[in-house]
There are 2 protein chains.
Amino acid sequence: MSRRISDSTVRRLSHYLRALEELEGRHATTVSSDQLAARGGTTAAQVRKDLSHFGSFGKRGLGYSVAELAGRLRRILGVDRHWKVALVGAGRIGSALFEYPDFAARGFRLVAVLDRDPAKVGRVWGPVTISDISELERVVGERDIDLMILAVPGDAAQAIAERAVAAGARGLLNFAPTQLRVADDVPVTNVNLVMEMEALSFALTKDQTAS
Amino acid sequence: MSRRISDSTVRRLSHYLRALEELEGRHATTVSSDQLAARGGTTAAQVRKDLSHFGSFGKRGLGYSVAELAGRLRRILGVDRHWKVALVGAGRIGSALFEYPDFAARGFRLVAVLDRDPAKVGRVWGPVTISDISELERVVGERDIDLMILAVPGDAAQAIAERAVAAGARGLLNFAPTQLRVADDVPVTNVNLVMEMEALSFALTKDQTAS
DNA sequence: CTACATTTGTGAAGCTTTTCACAAGCTTTC
DNA sequence: GAAAGCTTGTGAAAAGCTTCACAAATGTAG
């Protein structure tokens, strides 16, 4: 149980959990690795290998209990609890994220929003009032923020990341096109939309060359 | 030059290109694999190996010409041209993407927006008027759409993807939490924000267990 | 209770990606 | 023009990930 789990495994676990929740909605009671694989776009062997890193949850000849496996995966992924999340950057992307219903559904609670634009500070977004970026340390400390979403320009991201971590944030979701450097024990995931588009562009360009 | 290029390599190429563009801004003329590695969060050997799949662009003892390598990477990634992009879903995420300045900077031109909500259809977003989703085939055909961004609910995504591909879209950027099934020659990249948050949650939860 | 049909869990094999290490090549210096 | 100092490009080794294949376990039918 102590070996390092690869990123791709973690992503697949998320997929499995989503599939299981759909199955729960349909009142399915058991599911085989084969069925899970089909929904997640992978193979049965991969599903079993992924799960085997955390224990053995299935019954031979029968498959997995949907409810039990979903519960186990929630625990493994850490979404059997609430996470307090702060959002930095109340621009377009920030506001889209703020209203993103799926975050709340998985226990990610956006309890603070910060921005550097004085015109935005003080505005009320639902239950939250936008704070000035200078309040970052206070907000992170007082509201006991776990995770920080950075939806700020690239040149501001590194400085904010450092302040956030120093103030107690434990993980970062970074939308800026910058490779953040933080302590090794602070997980960072990057979402880079241009990069995703470029992946498409590359795939199509390569095809052209090949033909 | 014909071997399959891994996803991770493509992503790194994007990183390198961004770093090179920054260096161009500073009027740097050459850069070593070591310097590029530092900016991209990887190693010098990895940079050289990545580039070696496409030819040899450097000069031993000196490094790479910033301008030349940037040009080569733009060509390799296919961003030395314009791509016509349509956006389906004029909700929060859609509108954030529409105004995302970095897309335009890399040649991704959002030339159409579609939505199924009659209240939104006909609205004018800058140079674009929102079309009804029923117009999808006509819009894709007439405006010669290359890439389609799907910012729609999960249950609508598969059907729209199929229509888009049938109408001529060549690649898809999918924001819905659904594994799209399309022809093998249609590249799809998925952006799943909940999954990214869960990766953080997992990393932090695992740490807790370990200690 | 036995035979049969499933399906898991897992070592081993196969494949891919990353890292290593060094010869080859370019530039500069003396 | 030879020597020194870098830095690339690349086989080979190492590490990591996925697929295979099958024993073991469970449920079902007769």
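Quick caveat, the model's predicted, so the values are computed rather than measured. Every chain is numbered from 1, with letters handed out A, B, ... down the list of sequences.
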**Asked** So does R12(A) pair up with D50(A), basic N to acidic O under 4.0 Å?
**Response** yes
**Asked** Quick one: is S6(B) getting a side-chain N or O under 4.0 Å of the dT16(C) phosphate, OP1 or OP2?
**Response** no
**Asked** In this structure, are over 12 heavy atoms from other groups packed under 6.0 Å from D7(A) atom CG?
**Response** no
**Prompt:** What are the two closest non-hydrogen atoms of A151(A) and L87(A), and how far apart are they?
**Reply:** CB-CD1, 4.2 Å
**Item:** Basic-acidic side-chain contact under 4.0 Å: R48(B), D34(B)
**Value:** no
**Item:** Whole-Å gap separating P (dT18(C)) and CG (L51(B))
**Value:** 13 Å
**Complete:** Contacts of A70(A) meeting side-chain contact (heavy atoms from CB on, under 4.5 Å) (sequence neighbours excluded), chain-then-number -> L17(A), L20(A), E24(A), R74(A)
**Item:** Residues R170(B), D144(B): salt bridge by 4.0 Å N-O rule
**Value:** no
**Asked** Of the residues in residues 177-184 of chain B, which ones touch DNA chain C at a heavy-atom distance under 4.0 Å?
**Response** none
**Fill in**
Heavy-atom closest pair (L193(A) atom, F175(B) atom, distance to 0.1 Å) is CD2-CZ, 3.7 Å
**Message:** Salt bridge or not between R72(A) and E68(A)? Use side-chain N to carboxylate O under 4.0 Å.
**Reply:** yes
**Request:** May I ask you to decide whether E135(A) forms a salt bridge with R138(A), counting only side-chain N to carboxylate O separations under 4.0 Å?
**Result:** yes
**Request:** For DNA chain C, find the residues of residues 17-42 of chain B with a heavy-atom distance under 4.0 Å and give them by number; none if there aren't any.
**Result:** none
**Message:** If you define the side chain from C-beta out and look only at heavy atoms, does anything of V79(A) sit under 4.5 Å from F108(A)?
**Reply:** yes
**Item:** Range on DNA chain D touched by chain B - first to last nucleotide, heavy-atom distance under 4.0 Å
**Value:** dC6(D) to dA12(D)
**Asked** Of the candidate nucleotides dT18(C), dA12(C), dG9(C), which contains the atom at the shortest distance from the side chain of K49(A)?
**Response** dA12(C)
**Item:** Between dT7(C) (C1') and F57(A) (CZ): distance, integer Å
**Value:** 17 Å
**Request:** Using a 4.0 Å cut-off on protein heavy atoms (strictly under), produce a 5'-to-3' string for nucleotides 25-30 of chain C with B for base contact, S for backbone-only sugar-phosphate contact, and - for none.
**Result:** BB----
**Asked** When you check the side-chain N and O atoms of Q46(A) and T43(A), is any donor under 3.5 Å from an acceptor?
**Response** no
**Fill in**
Rounded to the nearest 0.5 Å, the CZ atom of R106(A) sits from the CH2 atom of W83(A) at a distance of 14.0 Å
**Request:** Starting at atom CZ of R4(B), determine the distance to atom P of dT16(C), rounded to an integer number of angstrom.
**Result:** 9 Å
**Item:** Distance-only donor-acceptor check, side chains S32(B) and Q35(B), under 3.5 Å
**Value:** yes
**Request:** Could you tell me whether the side chain of S95(B) reaches within less than 4.5 Å of the side chain of E99(B), counting heavy atoms only?
**Result:** no
**Message:** I'd like to know if E196(A) pairs up with R11(B) as an ion pair, taking the criterion as any Lys NZ or Arg NE/NH1/NH2 lying under 4.0 Å from an Asp or Glu carboxylate oxygen.
**Reply:** yes
**Asked** Are F202(B) and S14(A) side-chain neighbours, meaning at least one heavy-atom pair lies under 4.5 Å?
**Response** no
**Item:** Length of the line joining Q46(B):CD and dT17(C):P, which is rounded to integer Å
**Value:** 10 Å
**Residues touching DNA chain D, which here means a heavy atom under 4.0 Å, drawn from residues 69-78 of chain B** = none
**Rounded distance in Å - CZ (R48(B)) to C1' (dT17(C))** = 16 Å
